[in-house]
Amino acid sequence: MSLSPRLYRELKTITVMVQIYCRNHHKSAAIQANALCEDCSGFLEYARKRLAHCPFAQQKPTCGNCTIHCYKKDMQAKAKQIMRYSGPRMLWRHPILALFHLLDSRKKSPEPSHQHQKK
Ligand SMILES: [Zn+2]
């Protein structure tokens, strides 16, 4: 399954956020995604799958603004925690990604074209 450029960037953003979070909370040497702790790499894999199924594709807002909220409850809680922690920190390490994320977060999510199932 290949991701659209928009979703690929989203995946990059969430990957960086999980790396920052994991390195500071779980003392993992997370320089690459595969150095994440088991918990965080599991979360990232889940996020990747949800992105691959996102019906908004190119018009996707950031997940925080999304009308669907397709994550399971516990995954959503973890996502919030990670983004709240890593969002501001990402600005210094990855200003371009952070900027794009900010721009995306100002978009309104379009009406979903079909019903999206929670998994
Ligand atoms: Zn971790």
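What you see below is based on every heavy atom in this structure, not just the backbone, and it leaves out hydrogens, waters and symmetry mates.
The CD atom of Gln76 sits 6.5 Å away from atom NZ of Lys73, with the distance rounded to the nearest 0.5 Å. Met83 contributes atom CE, which lies 9.0 Å from atom CE of Met90 (distance to the nearest 0.5 angstrom). Expressed to the nearest 0.5 Å, how far CG of Asn24 lies from CZ of Arg89 amounts to 7.0 Å. Distance check, rounded to the nearest 0.5 Å: NZ of Lys72 to CZ of Arg50 gives 9.5 Å. Rounding to the nearest 0.5 Å gives a distance of 14.5 Å between NE2 of His94 and CZ of Phe100. Atoms OG1 and CD, from Thr15 and Glu10 in turn, are 10.0 Å apart once rounded to the nearest 0.5 Å.
Scanning all heavy atoms of the two residues, the minimum distance from Phe43 to Met75 falls at CE1-O, 3.5 Å. Of all heavy-atom pairs spanning Asp39 and Lys78, the tightest one is OD2-NZ, 3.3 Å. Taking each heavy atom of Ser86 and Met17 in turn, the nearest pair found is OG-O, 2.8 Å. Looking at every heavy atom in both residues, Thr13 comes nearest to Leu97 through OG1-CD2, 3.6 Å. Nearest approach of Leu7 to Leu51, heavy atoms of both residues: CD1-O, 3.3 Å. When every heavy atom of Ala47 is checked against every heavy atom of Ile14, the shortest pair comes out as CB-CG1, 4.4 Å.
Under the side-chain contact (heavy atoms from CB on, under 4.5 Å) criterion, Lys49 pairs with Glu45, not counting sequence neighbours. Every residue meeting the ring pair (Phe, Tyr, Trp, His ring centres under 6.0 Å) condition with Tyr85, not counting sequence neighbours, appears here in chain and number order: Tyr21, His25. Residues passing the side-chain contact (heavy atoms from CB on, under 4.5 Å) test with Arg93, sequence neighbours excluded: Ile20, Arg23.
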